[in-house]
Protein chains: 2
Amino acid sequence: MSQRAAQSQRALMGVRDLIVSGEIRAGSRLSELALVERLGISRTPLRAALAQLGQEGLVEAIPSGGYAVRSFSREEVIDAIELRGTLEGLALRLGAERGVPPARMSELQRLLDGLDEALRGDVEDMDFDRYVDLNASFHEKLWGLASQTIRREIERVTSLPFASPSAFLDKQAGVVEFRRSLYGAQTQHRAMVEAIALREGGRAEALAREHARLARQNLEFVLDQDRSLIRRVPALSLVVG
Amino acid sequence: MSQRAAQSQRALMGVRDLIVSGEIRAGSRLSELALVERLGISRTPLRAALAQLGQEGLVEAIPSGGYAVRSFSREEVIDAIELRGTLEGLALRLGAERGVPPARMSELQRLLDGLDEALRGDVEDMDFDRYVDLNASFHEKLWGLASQTIRREIERVTSLPFASPSAFLDKQAGVVEFRRSLYGAQTQHRAMVEAIALREGGRAEALAREHARLARQNLEFVLDQDRSLIRRVPALSLVVG
DNA sequence: TTCTTGATTTTTGTATACAATTGGTATTCA
DNA sequence: TGAATACCAATTGTATACAAAAATCAAGAA
């Protein structure tokens, strides 16, 4: 017991990785024995991890026993994105209405400046990797603007890989169509922070919702325009149809 | 293995009941051995139940090991209610925008009629118990209007007892101030269904949000006007401050 | 007395053993 | 040949054993 439930954590990350990376196909049954061997742990922490992944929605319980990797339809992915937009909107609205301490506002400003820098130049020579990191940090800061309660709920929803703000910003993939969307995204980032500073809750909420629609646009581009991208975007490994 | 994870289910319901009923005080540590003896199961399904309750938010993991019953501040309860209002609003908006099959609409209408009947008469001789049951059914139907994805999320949020639409409608308590709020609530119920039928997504969403504010009003009445009620409303057993 | 330190006792997290159910396979009968 | 059944293997859910860490308590020093 060096760290709290170290084996369970290892199991959780291990299985999640096997699923998201696509090494285990969507829909296929998860054999506990096979996973135990592969991850080098015992069944107890593995089962804890599977139960947790069941809560996250990545796997589903089979009525006759055990778990299977879930697969997600286009509609389910859209709804997960819609959920994120709605909850981020809630966080921003409450932040605007209740007020955000100056220290946090300047942290957001600093992140905004960093994002601008990363976008300097055109689509080809932007600092994409830096943008990805800063974008993730920026969104995580937004999640905490209202309260721990709401942050917690957003983190739960975005534990599904395709619901994360970074879903279509995989460093490996680096699709040019996705890159193009970043300029508009950053404009929205700035508007969101401004709305919070001006205590414009309604505007902040609307912006957060619209911002999430960018993810939906990227999703629909992949599914309707260039399905070969499904394999190159890890977050979509579980999406069928 | 007569039913799927029968012992784990029993443990889950057993521990949840011990917590919500207040038999285990908020903040106190949960001894696995004590619970195992009390519930007549082994530690394995008990630990599965504790992990699940951790996800629900009823208990929290202690850094040094084990779990403790959570306690909730006024602000946390308010945020949980806000979350429910926001997510119910999302379900209704999407239902209105995407359309709801006629069969479901008439089920909602039937529930509305039942609720009206239960409210016939004045505050003293309304059929309160029937209202409570129908109100719970009505809300659960609303949750499924958009999709399973969204229903699932709402069910998760409302697993905290004070976030449930029935939180302040305990049959035993039957507080007269709460009863009075039911007439206005039912008016909102009718308006919500009408908005969905007319495909007025924005109105449906706004109504759902405002509807949840009734729960917040009841909460604030308990905390500010008559704190003795805290003990009579089981859903508030974990609320401090 | 109060704080620190050491030993003892709980308690948790993990591994494993066990039993029942499920799924698969081969055999038998029509 | 095909379906049904019986048997066997595999897998899951539960119980328990075990080891490490944490909490508790007592004794001694300041």
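Chain identifiers are assigned alphabetically (A, B, ...) following the order of the sequence lines, protein sequences preceding nucleic acid strands; residue numbering begins at 1 within each chain.
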d([atom1], [X]; [atom2], [N]) in whole Å:
| X | N | atom1 | atom2 | result |
| --- | --- | --- | --- | --- |
| Arg47(B) | dG13(D) | CZ | C1' | 16 Å |
| Arg10(B) | dG13(D) | CZ | P | 17 Å |
| Arg4(B) | dA20(C) | CZ | C1' | 15 Å |
| Ile62(A) | dT12(D) | CD1 | C1' | 11 Å |
| Gln9(B) | dG13(D) | CD | P | 11 Å |
| Gln3(A) | dT12(C) | CD | C1' | 16 Å |
| Glu32(A) | dG13(D) | CD | P | 6 Å |
| Arg29(B) | dA23(D) | CZ | P | 6 Å |

### Task
Sort out for me which residue in His139(B), His211(B), Arg93(B) forms a side-chain hydrogen bond (donor to acceptor under 3.5 Å, both in side chains) with Glu88(B).
His139(B)

### Ser8(A) side chain near dT14(C) phosphate (N/O to OP1/OP2, under 4.0 Å)
yes

### Task
Please determine if a side-chain N or O atom of Ser64(B) lies less than 4.0 Å away from the OP1 or OP2 oxygen of dA23(D).
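Answer yes for this pair, as a side-chain N or O of Ser64(B) is under 4.0 Å from OP1 or OP2.
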
### Task
Using the test side-chain contact (heavy atoms from CB on, under 4.5 Å), find all partners of Leu33(A) that sit at least two apart in sequence or belong to another chain.
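Per chain and number, Leu33(A) pairs via side-chain contact (heavy atoms from CB on, under 4.5 Å) with Ser31(A).
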
#### Entry: Contacts of type side-chain contact (heavy atoms from CB on, under 4.5 Å), residue Arg43(B), not counting sequence neighbours
Glu32(B), Val36(B), Arg47(B)

What pairs of nitrogen or oxygen atoms, one from the protein and one from nucleotides 15-18 of chain D, lie under 3.5 Å apart?
residue, atom, partner, partner atom, Å
dA15(D), OP2, Ser42(B), N, 3.1
dA15(D), OP2, Ser42(B), OG, 2.4
dA15(D), O5', Ser42(B), OG, 3.3
dA15(D), N7, Thr44(B), OG1, 2.7
dT16(D), O4, Thr44(B), OG1, 3.2

### Query
With a 4.5 Å heavy-atom cut-off, do Ile150(A) and Leu87(A) have their side chains touching?
no

### Message
Need one value for Leu50(A): base, sugar-phosphate or nothing, where a base atom within 4.0 Å counts as base even if backbone is also close, heavy atoms only.
### Response
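Result for Leu50(A) = nothing.
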
### Task
Give one of base, sugar-phosphate or nothing for Leu46(B), where a contact means two heavy atoms less than 4.0 Å apart.
nothing

### Query
Looking at CG of Leu90(A) and CD of Glu205(A), how far apart are the two atoms once the value is rounded to the nearest 0.5 Å?
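Rounded to the nearest 0.5 Å, the CG-CD separation comes out at 7.0 Å.
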
### Query
Nearest 0.5 Å, what's the CG-CZ distance between Leu46(B) and Arg38(B)?
12.0 Å

### Query
Do we get Arg4(A) above Tyr67(B)'s six-membered ring, with its NZ or CZ under 6.0 Å from the centre and within 45° of the axis?
yes

